[in-house]
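Shown next, in C-alpha cells, is the structure this report addresses.
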Amino acid sequence: KNRKTYGSKKTSGSYNIEFVSANPTGPMHVGHCRGAIFGDVLSNLLSFNGNQVTKEYYINDYGNQINNFIKSVYLRIREIKFKEKFIADENLYPGEYIKDIAKKIIDEDENRDFKDLEDDFDFLSQKSLNLSMEYIKSDLSKLGIKHDKFFYESKIINDNLVQKTIKILQDDNYVTNDFLPKPKGEENKNWKKIKRLIF
C-alpha cells in the first residue's frame, strides 16, 4: 500500500546524478563500489518518487594520470613483445591488469611495431581507455548498476565548454570581473585585492 502511495506522487524534478566516476586507469576498488551502490540507490529513490533521473558516469580521460596510464600500457607492450624491462616508477601503473590490457592490444594489432610512444599515443589512448572501461562496466553490471550516460572530460577540453559556459553567464550578467571583500577572521598578510571572475 505504501509503495503504491509513494510511487504515485507526481513531482517535476529533473536530476543528473553523477556517481562512481572512477579514473579509467584500471578496475574499480571497494570504495568505488560503495559509491556506486549509494549513487544507484539515490537515483532509484528519486525515480520511484516520480522524478526524471539521468545516471551519469564522468570519465576523467585527461591529464597526467591518463598519460601515465598510457605510458604504463606502452611499456608493458614493449616488455611482452620485445622482452624489455618494465621501468620502476612511482607514477606508473604496475598492476597485472595492465599486462592484460597490453596483451589484448597486441592480439588485436599484431603487425603494429610500437616503436615510439608519441607516435602510438592516440591509438593506445583509445584502446587502453576502452579496455579499462570494459573492466569497470563489467563490475558495475555484476552489481546491477547501469548508467544512462558516459561523459568524457576530454570533450570539455576539446569543445572549449568551460569558456563557452562562462561566456553565457557573462552575457546574462550572472558573472563579472570584480573585487571580493577582504576575508573576515584571522589576518592574512598575503591577501591582495585583485579582480577575479565572481558571481
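Atoms considered below: every heavy atom in the structure, side chains included; atoms not considered: hydrogens, waters and symmetry mates.
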With side chain to side chain contact (heavy atoms under 4.5 Å, CB included) as the test, would you mind laying out the steps for F150 and M133 before giving the verdict?
-> CA-CA 10 Å; F150 289 85; M133 286 306 299; 3.9 Å; yes

Under the side chain to side chain contact (heavy atoms under 4.5 Å, CB included) criterion, do D139 and C33 qualify, and how do the steps go?
-> CA-CA 9 Å; D139 287 340; C33 293; 5.6 Å; no

Could you walk me through whether L140 and Y57 pass side chain to side chain contact (heavy atoms under 4.5 Å, CB included), step by step?
-> CA-CA 11 Å; L140 288 170; Y57 189 116; 4.3 Å; yes

List the steps, then state whether side chain to side chain contact (heavy atoms under 4.5 Å, CB included) holds for I101 with K127.
-> CA-CA 9 Å; I101 290 172; K127 291 282 186 183; over 6 Å; no

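Remark: E79 engages R76 in a salt bridge (Lys or Arg N to Asp or Glu O under 4.0 Å) (not counting sequence neighbours). K103 pairs by the side-chain hydrogen bond (donor to acceptor under 3.5 Å, both in side chains) definition with nothing, not counting sequence neighbours. For D159, the side-chain hydrogen bond (donor to acceptor under 3.5 Å, both in side chains) criterion is met by K155, not counting sequence neighbours. For E84, the side-chain hydrogen bond (donor to acceptor under 3.5 Å, both in side chains) test picks out R78, with sequence neighbours left out. By the side-chain hydrogen bond (donor to acceptor under 3.5 Å, both in side chains) test, E18 is found to be paired with S21, residues two or more places apart in sequence or in another chain being considered.
Under a hydrophobic-cluster definition in which Ile, Leu, Val, Met, Phe, Trp and Tyr are linked whenever side-chain heavy atoms come within less than 4.5 Å, directly or via other members, I157 and L129 are assigned to different clusters. Hydrophobic clustering, with ILVMFWY side chains joined whenever heavy atoms are under 4.5 angstrom apart, groups L169 together with V162. Follow the hydrophobic side-chain contacts under 4.5 Å out from I98 and you reach I80 in the same cluster. The cluster map of Ile, Leu, Val, Met, Phe, Trp and Tyr, joined by side-chain heavy atoms under 4.5 Å apart, puts I66 and V20 in different clusters. Put simply, Y135 and I59 are part of two different groups of oily side chains (I, L, V, M, F, W, Y) that touch within less than 4.5 Å, one to the next.
No hydrogens or angles considered: nothing links the side chains of N91 and Q65 as a donor-acceptor pair under 3.5 Å. If you check the side chains of N16 and T54, you find no donor sitting under 3.5 Å from an acceptor.
Nearest heavy atoms, E187 versus K182: OE2-NZ, 3.1 Å. For the pair I70 and S125, the tightest heavy-atom approach, listed with the atom from each and the gap, is CD1-CA, 3.5 Å. Across every non-hydrogen atom of N49 and L45, the tightest pair is ND2-O, 3.0 Å.
Residue Y174 places its OH atom among 12 or fewer non-hydrogen atoms of other residues, nucleotides or ligands, all under 6.0 Å distant. For CZ of F199, the number of neighbouring non-hydrogen atoms (other residues, nucleotides, ligands) closer than 6.0 Å is 12 at most.
Note that NZ of K81 and CD1 of I77 are 8.5 Å apart. Values are rounded to the nearest 0.5 Å. I166 CD1 to D171 CG: the interatomic distance, rounded to the nearest 0.5 Å, is 12.0 Å. Here T25 contributes atom OG1 and N67 contributes atom CG; the two are 12.0 Å apart, rounded to the nearest 0.5 Å. We find the OG1-CG distance between T176 and L197 to be 7.5 Å, quoted to the nearest 0.5 Å. For the atom pair CD (E108) and CD (E110), the distance works out to 10.5 Å, reported to the nearest 0.5 Å. Here the OH atom belonging to Y93 is positioned 13.5 Å from the CG atom belonging to L75, to the nearest 0.5 angstrom.
The cationic group of K55 does not satisfy the cation-pi geometry with Y15, failing either the under 6.0 Å distance to the six-membered ring centre or the 45° limit from the ring axis.
Side-chain contact between F151 and I156 is present, with heavy atoms from C-beta onward closer than 4.5 Å. Side-chain atoms of K71 and L92, non-hydrogen and from C-beta on, do get closer than 4.5 Å to each other. A heavy-atom distance below 4.5 Å is not found between the side chains of F38 and F19. Proximity of F123 to I105: side-chain heavy atoms (C-beta onward) are separated by under 4.5 Å at one or more points. Using a 4.5 Å cut-off on side-chain heavy atoms (C-beta onward), L131 and E134 make contact. Looking only at side-chain heavy atoms (C-beta outward), D120 and R112 come within less than 4.5 Å of each other. Put simply, the side chain of K137 does not reach to within 4.5 Å of the side chain of S141, judged on heavy atoms. Looking at heavy atoms from C-beta onward, S132 lies out of side-chain contact with Y97 at the 4.5 angstrom threshold.
The aromatic rings of H32 and H29 sit parallel, their planes meeting at an angle under 30°, below the 60° perpendicular limit.
The closest donor-acceptor contact from the side chain of D40 to the backbone of A36 lies at 3.5 Å or more, if one exists at all. Side-chain atoms of S47 never come within 3.5 Å of backbone atoms of V53 as a donor-acceptor pair (strictly under, hydrogens ignored). The main-chain N or O of N68 is found under 3.5 Å from a side-chain atom of S72 such that the two form a donor-acceptor pair. With D61 contributing its side chain and E153 its backbone, the two residues share a donor-acceptor pair below 3.5 Å. A donor-acceptor contact shorter than 3.5 Å links the side chain of D116 to the backbone of E118. Of the possible polar contacts, one joining the N51 side chain to the L46 backbone as a donor-acceptor pair under 3.5 Å is found.
A salt bridge between D100 and K104 is absent, with no side-chain N of the basic residue lying under 4.0 Å from a carboxylate O of the acidic one.
Among residue pairs with one or both ends in residues 190-199, none qualify as side chain to side chain donor-acceptor pair (under 3.5 Å); sequence neighbours excluded.
When each of L124, L117, D119 is tested with F121 by the rule side-chain contact (heavy atoms from CB on, under 4.5 Å), just one qualifies, namely L117.
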